[in-house]
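What follows is a single structure, written as C-alpha cells, with notes after it.
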Amino acid sequence: MSETSQAGPPANPLAQFIPQRSAGLKLLLVCGLALLMAIPALFVFGVVQDRRMGADRALTEVSQAIGGSQSLLGPVLVLPFSRAPNPARPNDVVYGNAIAFAETGTADADVQVTERKRGIHTIPVFDAHVTFDATFDPGALRAALPEGAEPVWADARLYMGVSDTRGIREAFRVTANGKPVAMEPAPYRYGMDQAYQPVPSSGVSLAGGVIGDLQTAETPIRVTAALRLTGAERFAVGPFAKDTSFSLKSNWDDPSFQGGKLPDSHTASVKGVEGFTASWRVPYLARDIAGAGSNIELSDVTEYNRRDMAVRFMKEVSPYQSVERALKYAAMFIGFVFLAWFLFEVTSGARAHPAQYVLVGLAQSIFYILLLAFAERMGFDGAFLIAAVMTVGLISAYAMSVFRSRAYGLRALGILSGIYGLIYVLMRAESHALLAGALASFAAIALTMYMTRNVDWYGGRKAGAAA
C-alpha cells in the first residue's frame, strides 16, 4: 500500500513579495512621529509665555514702588493766548499756547543701576541724577504768538516733564539767570477743544514755574535745572532744544541703545572698568520740530522711539527669549535625533519600536522644560549645559540598551553632542542662525542618503531566491 502524503493549504504565491521588514515604511513612520513630537514643544512654548508674563508682573510691581520707564522733557517756555479769528464776531474766542524751545540745550545724566529681586526674577533699577542747561531767546516766544492774539502773561510758565512722577526723589532745582524758579505740579486738564488750556499737552507729567520779567526780557535767558529720579527698564531724554546735546554715564555693563537717535559715540565696559558712557547731539534740522510756534505738540519731543535718546537697562537676551528661539527649531532637531536612531536601526540590524521613538521625542521635549527652569535661576549658558548633558546622557544610555551595543551608545553620545552643540550655536549666532540651520539640515539629509544608499527600502524577497 503506497504511502500518500497530505498536503496543507496551498501556499500564497505572493507571500515571497510581501515586505517582511520595510525600511521605507519605517522611515515614513519616523518622519510622521518627528512631526507629532513637535506638538509637546507647543505646550512648552505656552509655559514660556506664562513665565514671561510672571517676569513682566515682577517688573510692574517694582515699577509701582520706584517708578517705571522714565522719559524726560527739558525746559521749555509756554505762553497761553486768546484770539478772535473773526473780527466780525469778537465774542467767538479761541485759545492756544505759544511755545518756544531753547536755542541750545545740554543734558547730563549719571545713572547708577542696581538689581532687585522679586521672587525668582532680577529687575535692574536705576537712580539718575540729571542736569539741564538751556539758553532761551525771549523774543522768540513773543514772535510765536499768532496775529491778533492776546497773551496771558500771568499764566506764562517754564515747564519740565517726567513720564513717571513716582520716581521723583528730590524737588526740581531750577534757576533762570541765576534766580531760583519754584516748580509746581501742572496737570493737564482735559476738556473741550475751545476751552482755555494754559497747560499744554505733552505726553509726560509737567511741572511749571514762573520766570520773573519774562514779558519784558530782551537778553537771553539761561535756565539750569537739576533733578533726581528713579525708575526701571528704560531712561530717555527728548531733544528739548533746537540744538540738543546729551551725555550719559552709567555703571551698567549691558546697555541697549534705543530711541529715534542712536548715540554719536559711546564707550563700552572694559576689563576692570564697569559701565559705559554715551553722547548724543540732535541738531535743529535733524529734530524736525519748529523752534517756536503756536500749538506745537510737546509730545512730539518725547515720543517713544521716534525722536528721543534712550537706553534700556535690561539684559539684552532674556532667558525666555533664548528658550523661545530654541523652540522654533524644535521640530528640526527632533527630526535630526530620529534620523540618527533610524540610521542606528538600519546599520545595527536591531529593531526599535515606534514607542521607543516617542520616548526619545518626549525626552527632547523635557529638555526645553529643563532649559527654561534652570535659565530662570542661573542664566542661559549654564542652564543649556546642564539640560543638554542630562538629555544627551539619558538618550545615549537608552540607545545602548535598545541596540544592545556599547558602541551604538557611544555613537549616540557623539552625534547627540554635536546636535545639541548646533542648537547652542544657533541660539548664540542669531544673525547667522538661518544659514547654520539650513546647512545643518542639508548635511543631515546628505548623511542619511549616504548611509542608506544600499538599503532595500521595500524589504521584499525576489522570486526564485533561495529559502
Side-chain angles (χ1 to χ4, degrees), residues 71-103 105 132 134-163 165 172 174 176-177 179 181-221 223 225 238-242 284 287-304 306-307:
S71 182
L72 276 60
L73 173 65
V76 60
L77 293 178
V78 178
L79 172 61
F81 64 82
S82 63
R83 184 168 66 94
N86 188 351
R89 304 174 65 180
N91 293 328
D92 293 343
V93 179
V94 297
Y95 301 96
N97 291 298
I99 294 174
F101 295 99
E103 299 296 311
F132 293 96
T135 302
F136 291 89
D137 177 8
L141 182 63
R142 292 189 287 269
L145 289 169
E147 184 179 355
E150 292 291 334
V152 186
W153 286 103
D155 288 337
R157 296 288 188 275
L158 171 75
Y159 287 108
M160 296 180 63
V162 174
S163 60
T165 57
F172 291 3
V174 182
N177 287 337
K179 298 180 180 180
V181 178
M183 304 294 286
E184 296 182 353
Y188 177 78
R189 295 178 176 85
Y190 294 93
M192 299 181 63
D193 293 339
Q194 297 180 351
Y196 178 57
Q197 298 278 6
V199 180
S201 173
S202 62
V204 294
S205 297
L206 295 178
V210 177
I211 296 180
D213 301 325
L214 180 60
Q215 181 176 354
T216 58
E218 296 294 340
T219 58
I221 300 173
V223 174
F240 60 94
K242 292 170 64 175
Y284 188 21
R287 193 179 81 135
D288 197 27
I289 301 175
S294 60
N295 299 323
I296 296 175
E297 291 291 337
L298 293 181
S299 57
D300 289 344
V301 178
T302 57
E303 187 173 0
Y304 185 90
R306 185 179 178 188
R307 292 185 177 89

Got L145 and L79 here, is their nearest side-chain heavy-atom distance under 4.5 Å?
yes
Treating Y284 as the side-chain partner and G291 as the backbone partner, does any N or O pair qualify as donor plus acceptor under 3.5 Å?
yes
Could you pull out every donor-acceptor pair under 3.5 Å between side chains of residues 202-213 and any protein atom, sequence neighbours left out?
unit_1 : atom_1 : unit_2 : atom_2 : d
S202   : OG     : V204   : N      : 3.3
S202   : OG     : V204   : O      : 2.8

Mind listing the closest non-hydrogen atom pair of [X] and [Y] along with its distance?
| X | Y | result |
| --- | --- | --- |
| A100 | V76 | O-CG2, 3.5 Å |
| F81 | N97 | CE2-N, 3.3 Å |
| A217 | P138 | O-CG, 3.5 Å |

Which residues pass the ring pair (Phe, Tyr, Trp, His ring centres under 6.0 Å) test with F132, not counting sequence neighbours?
F240
When rounded to the nearest 0.5 angstrom, what distance separates OG1 in T135 from CD in E103?
8.5 Å
Do E218 and R142 meet the salt-bridge criterion of a basic N to acidic O distance under 4.0 Å?
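Salt bridge between R142 and E218, a charged N being under 4.0 Å from a carboxylate O: yes.
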So, using side chain to side chain contact (heavy atoms under 4.5 Å, CB included) as the criterion, who are the partners of D300 when residues are at least two apart?
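Testing D300 for side chain to side chain contact (heavy atoms under 4.5 Å, CB included), a comparison that skips the adjacent residues, returns I289, E297, E303, R306, R307.
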Atom pairs and distances, donor-acceptor, side-chain atoms in residues 147-156, under 3.5 Å, two or more places apart:
unit_1 : atom_1 : unit_2 : atom_2 : d
D155   : OD2    : Y196   : OH     : 2.6

By salt bridge (charged side-chain N to carboxylate O under 4.0 Å, His left out), which residues pair with R83, not counting sequence neighbours?
none
